[in-house]
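Sequence lines set the chain letters: A, B, ... in the order given, protein chains first and strands last, and positions in each chain run from 1.
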Amino acid sequence: MRLCLLALLSHWRRHPLQGASILTGLWLATALWTGVQALNSQARADYARASAVLATPAQAQVLPRQGQYLAQADYVTLRRAGWAVTPLLEGRLRLPGEAGGTLQVIGIEPLSLPAGSQVAGQPGEGVDLLAFIGKPGQAWIAPDTRQRLGLPLGETMPLSEGLQLPPLVEQAQLAPGVVVVDIAQAQALLQVPEQMSRLLLAGTAEPTLPAELADRLRVQPAEGADDLQRLTDSFHLNLTALGLLAFIVGLFIVHAAIGLALEQRRALLRTLRACGVGLATLLAALTLELGLFAVLSGVLGVASGYLIASLLLADVSASLRGLYGAEVAGQLSLPAIWWLAGVAISLLGALLAGLSSLVRAARLPLLALAQPQAWRQAQSRWLRGQALLALGLLVLAAICWGLGDSLVSAFVLMASLLLAAALLLPALLDGALALLARRCRGPLSEWFIADSRQQLPALSLALMALLLALAASVGVGSMTQGFRLTFSGWLDQRLAADLYVSAPNTTQTQLVMDALAAQPGVEALLPNWTLDTRLQGWPVQLQGIVDDPHYREGWPLLEQQADAWAQLAAGQGVMLSEQLARRLNLRLGERLTLPAPSGEQALPVVALYADYGNPKGQALVAADWLRRAWPEATLGSLAVHLAPSRGEAVQAWLEAAYADAGVRVIDQAGLKAWSNQVFERTFAATAALNSLTLGVAGIALFISLLTLGHSRLGQLAPLWALGLGRRQLAGLSLGQTLLLAGLTVLLAMPLGVLLAYCLVAVVNVQAFGWRLPLYIFPGQLLNLAALGLCSSLLAASGPLWQLARRQPADLLRTFAHER
Amino acid sequence: MLVVENLHKSFVTAQGHLAVLRGIDLTLEAGVSLALMGESGSGKSTLLHLLAGLERADSGRILVEGVALADRREADLARWRREGIGLVFQQYNLISSLDVAANLAFQARLAGRYDPAWVTHLAERLGLQALLTRYPEQLSGGQQQRVAIGRALASRPPLLLADEPTGSLDEASSEAVLALLLQLVGELGCSLLMVTHSERLAARLDRRLVLHHGRVAAVSE
């Protein structure tokens with residue numbers, strides 16, 4: 001066995017490039033897969049940390065009917081009445097300094113926590129009460145958050161206006177971006193004395209509130225699944241799909257290199273068998289050899305995967321924050337299990353990529369010499385099998401298209417399409433070359449095509465990788481660009497007001513509104529009443545708007561009934577965001593039932609509108625209707641339309657008059673810039689992963705051509721001896737690569753457009769609830785086609801450079817060694 | 001037709017400078033066949049490669065119809081290989097992606113001297129008619145060698161250079177292949193320079209030249 005393994009390994013000394021290509025393929029595949037998995041698991045671990053900030057047996061909660069806060073006195077009343085409630089105060093705290101950032105403050109009352117509660121992953125009973133609620137108290141913070149913000153451990157931290165954060169104590173299980181303090185400390189920090197955000201009720205029962213509190217408080221029933229997990233699932237599925245694509249593309253490199261190595265080692269295998277090495281020993285040695293590659297690549301892959309993940313983490317965090325408001329820590333952890341998992345995935349990849357070669361090695365007619373034409377003919381049988389499999393996948397894609405209604409079926413559709421196209425590629429290329437062969441008249445052109453067909457089996461996997469990567473680039477690029485165009489146009493319409501003002505509560509907003517009405521140059525004030533509720537388990541925001549021509553003119557509608565705005569204004573209709581309509585499966589004209597406190601209210605759906613980037617569902621109703629149905633609806637923001645050139649003055653006045661009252665003012669340009677920035681960061685990670693996949697495909701082609709280059713010399717040497725110059729041969733070789741790559745690029749373009757269509761019309765709808773128009777950008781297609789050809793050219797340049805630099809004597813030697 | 005004067009060629013090896021040819025003189029008239037003999041490493045193949053323009057000499061001259069080969073640019077050397085000679089290698093060096101018919105016609109078509117009737121005649125004489133649609137790897141060694149000879153002769157070259165064309169064949173096959181080769185060379189009226197180890201085969205050619213340590217050791221008619 002040892003001797004057999006040593007003999008097999010000696011091949012890599014003569015063909016180090018092949019060995020490097022197997023290592024590189026497995027390494028890249030493992031790295032990209034591990035990177036994506038690391039990002040996903042880090043984010044999911046952080047969601048778990050977020051939901052574990054305060055895990056109590058409580059299910060239902062008591063909320064204020066109006067405004068953000070309920071009075072502490074009401075909490076005391078409930079406790080005295082025997083209610084097992086524990087209070088919670090939540091808010092955001094801006095840290096001092098220019099780059100201070102913000103923290104989410106959660107105030108808890110540990111004495112009233114129900115038995116079995118957990119705080120930051122620890123049992124509530126284990127909290128050191130004296131230290132936590134005494135003076136100076138404690139502020140619990142996650143180690144990564146503290147390090148990110150550069151806050152001192154164990155010391156109080158002065159804030160503005162004489163306030164100070166209690167000494168920081170690290171809690172490893174705490175969610176990122178969160179600080180937990182005693183509720184009294186939180187009231188002081190957030191400047192809301194005697195106020196609380198909500199009360200958590202122990203148990204699942206929903207008792208009736210005492211009559212004296214019922215007009216101020218309400219009981220919200222238990223919720224189902226964790227919102228964050230539910231909302232972000234589609235984002236993580238997207239990342240996983242891209243990671244899987246990169247993994248598969250990486251395995252293509254490995255498969256190509258292993259196949260070629262087997263072909264070149266036929267003679268060695270024959271000799272070993274002739275010397276008495278049993279088939280089982282030989283296969284075991286080949287498997288062991290593959291295992292060695294996998295272990296080495298796995299370790300490299302995990303290390304590189306973490307590097308990639310740490311580079312992309314900032315973008316992914318920004319995406320999750322922008323899309324879902326989810327906080328993800330800025331640091332990755334690397335548990336030991338990941339090393340094992342990385343090696344395992346590398347082993348699995350090596351086995352997947354090398355299985356067919358091992359089977360072929362077991363079945364090889366070992367007395368036959370290396371026969372490229374036989375390989376090509378055997379390949380044509382494979383091609384037929386591949387084509388049949390591809391047809392099966394196309395049928396599966398058609399079924400998913402027609403019957404699928406989930407994100408998983410959408411991804412199965414895309415995966416089937418991509419895989420079918422990749423499997424069909426060699427057959428299509430062979431067919432195209434056969435057609436070209438019929439038109440060839442000269443000896444060189446005949447050789448050119450015949451030799452290209454002979455090269456196809458060795459290059460087909462790399463070309464498949466190029467096809468997949470290019471198609472994915474076209475698809476994702478068209479979707480992103482199209483989304484950018486749609487989003488930008490939509491923002492221009494939706495953000496038509498000159499200023500947007502937000503205030504901490506309804507009273508404050510109304511004060512600002514009254515004051516603004518008296519300001520010169522204010523043309524319209526559009527108050528925005530809101531109420532958060534749930535419909536069929538989904539978080540939904542009801543938005544109450546006033547009847548104003550600005551809405552009719554500027555609010556873009558996707559579908560509408562006649563007089564939609566008039567019906568809305570009269571309180572006789574509701575407009576739904578596209579994603580909410582899809583989630584609730586409601587169409588125009590159907591009735592939406594809303595759970596108002598006074599009883600269910602049903603309104604017909606009079607229009608649907610786009611609401612890109614909002615994970616929550618949104619419904620537009622008349623402000624008066626909303627306030628009648630839900631007296632607790634709050635007024636938190638205003639849109640202000642101003643006379644031309646009054647923007648800066650009114651903004652300056654607002655900021656001066658209300659700076660200390662927590663009123664925030666942002667102008668249209670600022671809001672658009674911020675929205676566009678969120679958009680760009682949202683797609684930054686996707687674009688980066690996409691580029692990496694294209695890079696892997698380029699490497700696949702490069703390695704395949706380089707590996708092939710050495711054996712190609714044996715094919716080219718006779719032509720040189722028969723009277724072709726080296727430059728001419730180099731030109732012909734380049735032409736062959738460009739022809740194969742060019743045909744692949746040509747096929748990748750329509751496939752990419754089809755993929756883009758699937759992304760905007762199927763995946764986006766299932767993942768986010770919105771459908772985008774399909775845009776085709778010819779410039780982008782040309783760019784990618786040029787990129788594909790350039791990467792092929794670059795990949796071909798190495799072997800060509802070798803060929804052009806070869807001394808005639810080297811070519812002569814190939815007669816002796818390679819034939 | 002071919003004159004070689006004081007030809008020298010050496011190679012740089014791991015062991016140092018290795019002089020392979022040390023002043024070779026040779027003349028080959030049109031229509032004459034010459035056997036190039038000598039022990040392994042005596043410089044036979046190197047001389048053949050220099051004559052074919054596959055390598056360049058360090059010094060000395062190779063004159064073809066009075067024109068020195070060394071003065072030619074690489075493109076002209078390629079044309080010389082394409083149009084001036086036919087090459088037969090011991091290992092055949094057929095083009096694996098082309099079938100027998102395409103291999104036979106390849107060089108003639110490159111040289112612009114493709115004559116379908118002549119190629120068909122060659123295929124018949126070489127017994128290749130039934131094999132025209134096969135690929136090289138589907139042929140036996142003897143069959144491949146016959147295709148290589150046919151390819152070399154298809155362009156009607158004035159000079160045929162053959163490097164141990166029967167080296168990998170058994171005795172009977174060698175005899176048969178050589179007999180065929182000589183007949184066809186006779187039909188064409190071209191010159192033949194053949195490297196061989198076999199005294200018996202060499203005896204069937206017009207002249208013989210023996211190399212020893214890179215020098216001409218003997219010349220005989």
Side-chain angles (χ1 to χ4, degrees), chain A residues 266 368-378 433 437 440-458 711-730 732 736 804 806-819, chain B residues 9 11-12 45-46 48-50 52-56 73-99 101-112 114 134-139 141 144 148 151-152 154-155 157 161 163 168:
Chain A
R266 264 175 195 266
L369 288 166
Q371 295 175 325
Q373 277 298 325
W375 194 19
R376 194 176 82 77
Q377 279 159 13
L433 290 175
C440 289
R441 293 291 172 260
L444 277 185
S445 56
E446 280 175 12
W447 169 83
F448 184 88
I449 298 297
D451 194 67
S452 301
R453 290 182 79 182
Q454 191 174 281
Q455 282 188 63
L456 206 48
S711 54
R712 290 279 302 141
L713 219 52
Q715 316 278 338
L716 297 176
L719 289 162
W720 172 73
L722 292 178
L724 290 180
R726 276 180 295 161
R727 280 187 190 167
Q728 199 177 0
L729 281 178
L732 286 169
Q736 285 179 318
R806 287 277 169 146
Q807 292 303 313
D810 292 334
L811 288 172
L812 285 175
R813 265 196 286 281
T814 64
F815 295 145
H817 298 305
E818 302 296 336
R819 304 298 298 171
Chain B
K9 177 70 184 174
F11 293 103
V12 178
S45 292
T46 303
L48 190 92
H49 291 159
L50 290 172
L54 296 171
E55 303 232 35
R56 287 183 189 269
R73 293 177 301 127
E74 182 159 342
D76 294 327
L77 282 179
R79 190 184 303 135
W80 160 245
R81 291 196 297 271
R82 202 161 57 231
E83 298 170 6
I85 57 170
L87 262 172
V88 183
F89 294 96
Q90 184 180 0
Q91 294 299 328
Y92 331 125
N93 286 325
L94 299 178
I95 298 167
S96 61
S97 54
L98 299 179
D99 61 18
N103 262 290
L104 276 176
F106 191 78
Q107 192 177 359
R109 294 173 74 191
L110 271 186
Y114 178 53
R134 293 203 193 167
Y135 285 90
E137 69 196 30
Q138 296 167 322
L139 305 178
Q144 287 193 55
R151 180 180 69 184
S155 62
L161 300 173
D163 190 0
S168 55

Exercise. Checking A:Leu719 against chain B: side chain, backbone, both or neither under 4.5 Å from a heavy atom?
Worked result: side chain
Exercise. With only heavy atoms counted, which part of B:Arg151 is less than 4.5 Å from chain A, the side chain, the backbone, both or neither?
Worked result: side chain
Exercise. How far apart are the closest heavy atoms of A:Pro443 and B:Arg109, and which atoms are they?
Worked result: CG-CB, 3.5 Å
For this session: Measure the CG-CG distance between B:Asn93 and A:Leu722 for me, rounded to the nearest 0.5 Å.
Result: 8.0 Å
Exercise. Just how far is it from atom CG of A:Leu724 to atom CZ of B:Arg82, taken to the nearest 0.5 Å?
Worked result: 7.0 Å
Exercise. What are the two closest heavy atoms between A:Gln454 and B:Ser96, and how far apart are they?
Worked result: NE2-OG, 3.0 Å
For this session: Side chain from CB out, backbone as N, CA, C, O: work out which of these in B:Leu110 comes under 4.5 Å of a heavy atom of chain A, or both, or neither.
Result: both
Exercise. Taking only residues two or more places apart in sequence or in another chain, which ones pass salt bridge (Lys or Arg N to Asp or Glu O under 4.0 Å) with B:Glu83?
Worked result: none
Exercise. Chain B: which of A:Arg727, A:Gln728, A:Glu446 shares the most heavy-atom pairs with it under 4.5 Å?
Worked result: A:Glu446
For this session: Grab the two heavy atoms, one from B:Leu98 and one from A:Ala450, that are nearest each other, plus how far apart they are.
Result: CD2-CB, 3.6 Å
Seminar exercise, completed: The salt bridge (Lys or Arg N to Asp or Glu O under 4.0 Å) partners of A:Asp451 (sequence neighbours excluded) come to A:Arg712
